[in-house]
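Step one of this worksheet: look at the structure below.
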Amino acid sequence: MNAPAAPAGSLLTAEELRKAYGPTLALDGAGFSIHPGEVVAVMGPSGSGKSTLLHCLAGIVPPDSGSIMYAGREMATMNDAERSALRRSEFGFVFQFGQLVPELTCVENVALPLRLNGTSRKEAEKTALDWMRRLEVDDLAKKRPGEVSGGQGQRVAVARSLVTGPRVLFADEPTGALDSLNGERVMELLTDAARSTNAAVVLVTHEARVAAYSDREIVVRDGKSRDMERAV
Amino acid sequence: MSIGHTLLGLLESGPRHGYDLKRAFDEKFGHDRPLHYGQVYSTMSRLLKNGLVEVDGIEAGGGPERKRYAITDAGVTDVERWLATPEKPEEYLQSTLYTKVVLALLTHRNAGDVLDSQRSEHLRSMRILTDRKRHGDLADQLVCDHALFHLEADLRWLELTAARLDKLRAEVAE
Ligand SMILES: Nc1ncnc2c1ncn2[C@@H]1O[C@H](COP(=O)(O)OP(=O)(O)OP(=O)(O)O)[C@@H](O)[C@H]1O
Ligand SMILES: [Mg+2]
C-alpha cells in the first residue's frame, strides 16, 4: 500500500500514527504536517494525546505504527544514533518548566547544546549571548537558574532551544507556568525568533491566547487529530 | 439566537403541535425568556411560507396552537447548515452556542464538530487581534487585549462544554 503523498513543501509530516501505552491508546490514527517557517498550534483536551504526538514527531518516542517523514526521510528507517543527531542539531525543545541545569549559569545553559555538538566554549557562549540578547535576558548570563524568575528562566530556555538554529522547534505548553503578561512576551519573542530563522514551530497549548500566535491549529481528541484548516 | 432554527431542530425528532413546540423550547432553551405564543405562530408561519415545515394535521377546536407541524427535507438541510456555520465571534454568544450544542446532541449530530468549528472561527479573530496588538501602540494593545480576553472566555466555556458533552447528552435526552 502506498502512503498518501505528503503535502507539497512540508518539512515534517506524520500519517496514521498509532501509539498505545498498555491498554491506553494515546494516538489512534493521528496525522500532522508543517512547513518551514510555520507555527502550528496543537490543541485539545487533557489526555487527548498532544504530548504523545509531539514526542513521536520529535523522534523521542517511536509510534507503534504509522509514518513520520522529516525532510524527505522516513524516521522509522533511521537508527538511534541518527535520530539523536537529528534531535541535537535539527530540533529544538521547550517544555512547560524550563528544565535548565541548576548547576550551570544561564549562559552555560544556553550554550550547552552547542557544546554537546562540539563547538568550542568561547564560540558557544558568544552565540548563546546573542540569543539571550534577542530574548532580552542577556543581563542574566552569569546567574544560575535558581536565581531568576519563572518568566526569565523560560526565556533562557527558549534561547537555548534556538541556539543551534533548529529547523523545527517543539514547544509543549511553553507558557504553561507563566502569568499572561510573561506568557505573551515569551510567545512574541519565540515566534519572532522562529520566523526570523524560518524554523517551524510545533506549539502544544490549551490556551487560546497562546494559540493565537500560531498560523493555524490542529485539534487532537481521543488520539485522533483534526486539521481545522483543511476541514473547512 | 435564531428561534426559527431552534424550533426547526426540535421538529426533527417528529411532528409537534404549536403548544408542544413552545413547551419544549421553554423547557430546553427558554429558562430566562419563555416564548410568547405570538412568536411561535409568527415563526411557524414564516417557516411554512419558506417550505421548511408543513402542516401535518389540525386538532379539533381550531386555533393556531392546534396545528401539528412537520419538518420538511428543506428544513432539515436548513438546520444542518445553521449548525455547521460558526457564529461570528461577538460578545455574549453563549445562548446561541448553547442552543447549537444541545440541538446537535438532540438530533444525534456531532456536537464536537460544532465546538471545533466555533473554536476555529474564534481563533481566526484572535489571530487578527494578536497581530494588531504586536504592531500597535499601547492603546491598541489594551483595546485588543480586552477583545482577546472576551473571546478567550467564550472559548474556555466552549472547552468546558466539550469536556462535558457526554453528561450533557444524557441530560438532554431525558
Ligand atoms: N509514558 C506513558 N505511560 C503510560 N501512559 C501514558 C504515557 N504517556 C502518556 N500516556 C497516556 O496517554 C494518553 C495521552 O497522554 P498525553 O500526555 O499525550 O496527553 P496530553 O494531550 O498531552 O494531555 P495534557 O494536556 O494533560 O498534557 C493519556 O491517557 C496518558 O495517560
Ligand atoms: Mg501534555
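All chains are named by letter (A, B, ...) in the order of the sequence lines, taking the proteins before the strands, and each is independently numbered beginning at 1. In this text the structure is predicted, and so the values were computed from the model without any measurement.
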Subject >> Within 6.0 angstrom of A:K143 NZ, more than 12 heavy atoms from elsewhere >> reply: no
Subject >> Pairwise distance CG(A:L181) to CG(B:D145) - rounded to 0.5 angstrom >> reply: 8.5 Å
Original post:
Roughly how far, to the nearest 0.5 Å, is CD of A:E184 from OG1 of B:T130?
Top reply: 7.0 Å
Subject >> Results of salt bridge (charged side-chain N to carboxylate O under 4.0 Å, His left out) for A:E188 - residues two or more places apart only >> reply: A:R185
Original post:
Considering residues, nucleotides and ligands other than A:R195, do more than 12 of their heavy atoms fall under 6.0 Å from its CZ?
Top reply: yes
**OP:** For residues B:R127 and A:E217, determine if any side-chain heavy atom of one lies less than 4.5 Å from a side-chain heavy atom of the other.
**Re:** yes
Original post:
Around A:D179, counting heavy atoms of other residues, nucleotides and ligands shown, do more than 12 lie under 6.0 Å from its CG?
Top reply: yes
Original post:
For atom CZ of B:R164, is the number of surrounding heavy atoms from other residues, nucleotides or ligands below 6.0 Å larger than 12?
Top reply: no
Subject >> Distance, nearest 0.5 Å, that separates OG of B:S120 from CD1 of A:I218 >> reply: 12.5 Å
**OP:** Enumerate the residue pairs fulfilling side chain to side chain donor-acceptor pair (under 3.5 Å) with a member in residues 40-64 of chain A, sequence neighbours excluded, ordered by first and then second residue.
**Re:** A:S51-A:D172
Original post:
Looking at B:R134, B:M126, B:E159, which one has more heavy-atom pairs under 4.5 Å with chain A than the rest?
Top reply: B:R134
**OP:** Output the residues of residues 16-30 of chain A for which the shortest heavy-atom distance to chain B is under 4.5 Å, in residue-number order; output 'none' if no such residue exists.
**Re:** none
Subject >> Minimum-distance pair of heavy atoms, taken over all atoms of A:M228 and B:D116 >> reply: CE-O, 3.3 Å
**OP:** Would you give the length of the straight line joining atom CZ of A:R216 to atom CZ of B:R124, rounded to the nearest 0.5 angstrom?
**Re:** 13.0 Å
Original post:
Side chain, backbone, both or neither: which part of A:D192 has an atom under 4.5 Å from a heavy atom of chain B?
Top reply: both
**OP:** Would you mind checking which part of B:L155 comes under 4.5 Å of any heavy atom in chain A, side chain (CB onward), backbone (N, CA, C, O), both or neither?
**Re:** side chain
**OP:** Please list, in residue-number order, every residue in residues 201-213 of chain A that has a heavy atom less than 4.5 Å from any heavy atom of chain B; write 'none' if there are none.
**Re:** A:A208, A:R209, A:A211, A:A212, A:Y213
**OP:** Examine whether an atom of B:D113 lies under 4.5 Å from a heavy atom of chain A, and if so say whether it belongs to the side chain, the backbone or both; otherwise answer neither.
**Re:** both
Original post:
More than 12 foreign heavy atoms under 6.0 Å from CG of A:D222: is that the case here?
Top reply: no
